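Single-structure report; data block below.
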2 protein chains.
Amino acid sequence: MAGIKQVQRQTGVALWRQIADRIREAISRGAYDETGMVPPETVLALQFGVNRHTVRSALAALAQEGIVRAVQGRGTLIERKERLNFPISRRTRFTDGIRDQARETRALLLGHAQEQADAEVARWLHIKPGTLVIRLETVREADKRPVSRATSWFPAARFAGIGEAYRTAGSITKAFAALGLSDYVRATTEITAAHADSADIADLGLTPGAVLLITKAMNTDLEGVPVQYSISRFAADRVQFTIEN
Amino acid sequence: MAGIKQVQRQTGVALWRQIADRIREAISRGAYDETGMVPPETVLALQFGVNRHTVRSALAALAQEGIVRAVQGRGTLIERKERLNFPISRRTRFTDGIRDQARETRALLLGHAQEQADAEVARWLHIKPGTLVIRLETVREADKRPVSRATSWFPAARFAGIGEAYRTAGSITKAFAALGLSDYVRATTEITAAHADSADIADLGLTPGAVLLITKAMNTDLEGVPVQYSISRFAADRVQFTIEN
DNA sequence: AGTGATTTGTGCGTATGTATG
DNA sequence: CCATACATACGCACAAATCAC
């Protein structure tokens, strides 16, 4: 293992971006922890078999992301940034899950609307397609940094006014409570990963090509009746999930 | 929502590749399931706001990957390919997990070695750093398609010869059984996502910029003693995880 | 304080890749 | 298939900041 990772040309991905991705991963793997710096540009250029300009483009992109900081004469320093850990369990709650890891969490309601359930939403919520549901578009932040954006659907008959309740309360748990649902549990979680699209880039402050962790999750009340279906998109460099069995 | 996802210029990712990624994701999302075909090139060009030439480059790349097949006079047909679902639970086993979704699964042992546990491995296996461990490098395939590559560590004292056992048996479960461990459970799973590196691209047959789901997992015997720590890297377009609570 | 070595910052000319029409 | 425009990548040279001695 640990062979010389060569960079590939003419693949539709610019060399500087491939190199940026490599360095980003090496940093998150802790490969440069001893010095706290990235190797000199000339060394990286040699390692990747590219010109120093190309390495500089990569490092400039990482500096833009806030991952490194270049200092003339000294080198390129790594800015420490921890990943939030997001536990997934029967008791999964966003705000509680990261409460002790961030000084401040914030929930923004981008918008809400009533609509008819499409096939997918209907399947997850165990209702007939066309049944009225309320859709919420939200963004969550931890310490001013956007962490995820989510689209959630709720049966409209049972949770009328959840949009306003969420805006007021600032969390799903509290909005549910305000509407008479005192407790709920996570029934199913589906996890995939993909590239960020332009909406992700805008809402989460990402760079093109960024990686997302995507969950599709269904919550039920204590009787097992579905109360919420959500598609959440997390910035993969800011979050990890843990499952304890 | 559902706004027109614009494609972005000057981001280090060629337009044709961004479009290929979008179409690939749309296909895997089932967006074109009604017709089984991708929309006409002229329509796609209009949607993405690019020239038809650019769309053609994207479709050519997807055809190269075997995801679509262009037929003159008819359109661009989608080749069916499902995402394997990989359940994560206390009873998580790779081969069992996807047994009913693939006709044939295969495990390749790329190599194995005995080494001293570094800080991370030691922490996960609850042993002292420097303790002897056996490291296995494996690749798993389902229906001839590589699904994941993994690095696993086992306490050397307890599981001497697990490399050969794995090569013979073709699964961790059977290798454990051959060494006297009849049962084990998944204790902890940590999930992140990142870009594929060149080793991933080579071992899993991916394209540069591909997205990976990465798990760090620890298995214990029935007494709760750690028996295995693994870092697995899954091609995100071929796999999803589910957690049932 | 001075000098050289190291490292990042900048400029410019050229070749090739990407995208348009 | 071609002409045009811009992005990407290279090679070389030199300036500016930092550090060790």
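Lettering of chains follows the sequences in order, A, B, ..., and the numbering in each one begins at 1. Please read all numbers here as calculations on a predicted model, not as lab measurements.
- Counting atom types as modelled, B:Arg52 pairs no side-chain N or O with a base atom of C:dG21 as donor and acceptor under 3.5 Å.
- With 3.5 Å as the limit, one finds a donor-acceptor pair spanning the side chains of B:Gln228 and B:Ser230.
- In the displayed structure, A:Arg83 atom CZ is contacted under 6.0 Å by more than 12 heavy atoms of other residues, nucleotides or ligands.
- Side-chain N/O atoms of A:Thr151 and A:Glu137 include a donor and acceptor closer than 3.5 Å.
- A donor N or O paired with an acceptor N or O is found under 3.5 Å between the base of C:dG11 and the side-chain atoms of A:His53.
- The interatomic distance linking A:Leu15 (CG) with C:dG17 (P) rounds to 11 Å, in whole Å.
- Using cut-offs of 30° and 60° on the angle between ring planes, the pair B:Phe241 and B:Phe234 is perpendicular.
- One interatomic measurement links the two molecules: CG of A:Leu77 to C1' of C:dT8, which rounds to 12 Å at whole-angstrom precision.
- At the heavy-atom level, A:Thr76 lies under 4.0 Å from the strands shown only through sugar-phosphate atoms.
- Counting to the nearest Å, the C1' atom of C:dG9 and the CZ atom of A:Arg69 are 16 Å from each other.
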Kindly give the atom pairs (protein nitrogen or oxygen, nucleotide nitrogen or oxygen) under 3.5 Å for nucleotides 16-19 of chain D.
unit_1	atom_1	unit_2	atom_2	d
D:dA17	O4'	A:Gln72	OE1	2.8
D:dC19	OP1	A:Arg74	NE	3.3

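- Under 4.0 angstrom from either OP1 or OP2 of D:dG11 there lies at least one side-chain N or O belonging to A:Asn51.
- Residues forming a ring-ring contact (aromatic ring centres under 6.0 Å, His included) with B:Tyr166 (at least two apart in sequence, or on another chain): none.
- Whole-Å rounding puts the A:Arg17 CZ to D:dA9 P distance at 11 Å.
- Straight-line distance from the CE atom of A:Met37 to the P atom of C:dT6: 14 Å, rounded to whole Å.
- Closest approach to the B:Trp16 side chain among C:dT18, D:dC10, C:dG9 is made by C:dT18 (side chain taken as heavy atoms from C-beta onward).
- Taken from CZ in B:Phe154 to CD in B:Gln114, the straight-line distance is 13.0 Å, to the nearest 0.5 Å.
- Between the CZ atom of A:Phe48 and the C1' atom of D:dC10 there is a distance of 17 Å, given to the nearest Å.
- A:Arg56 has a side-chain polar atom (N or O) that falls below the 4.0 Å cut-off from OP1 or OP2 of C:dG9.
- With sequence neighbours excluded, the residues satisfying side-chain contact (heavy atoms from CB on, under 4.5 Å) with A:Ala26 are A:Arg29, A:Ala31, A:Tyr32.
- Comparing atom distances between the A:Ala70 side chain and each of C:dG9, D:dA9, C:dA19 picks out C:dG9 as nearest.
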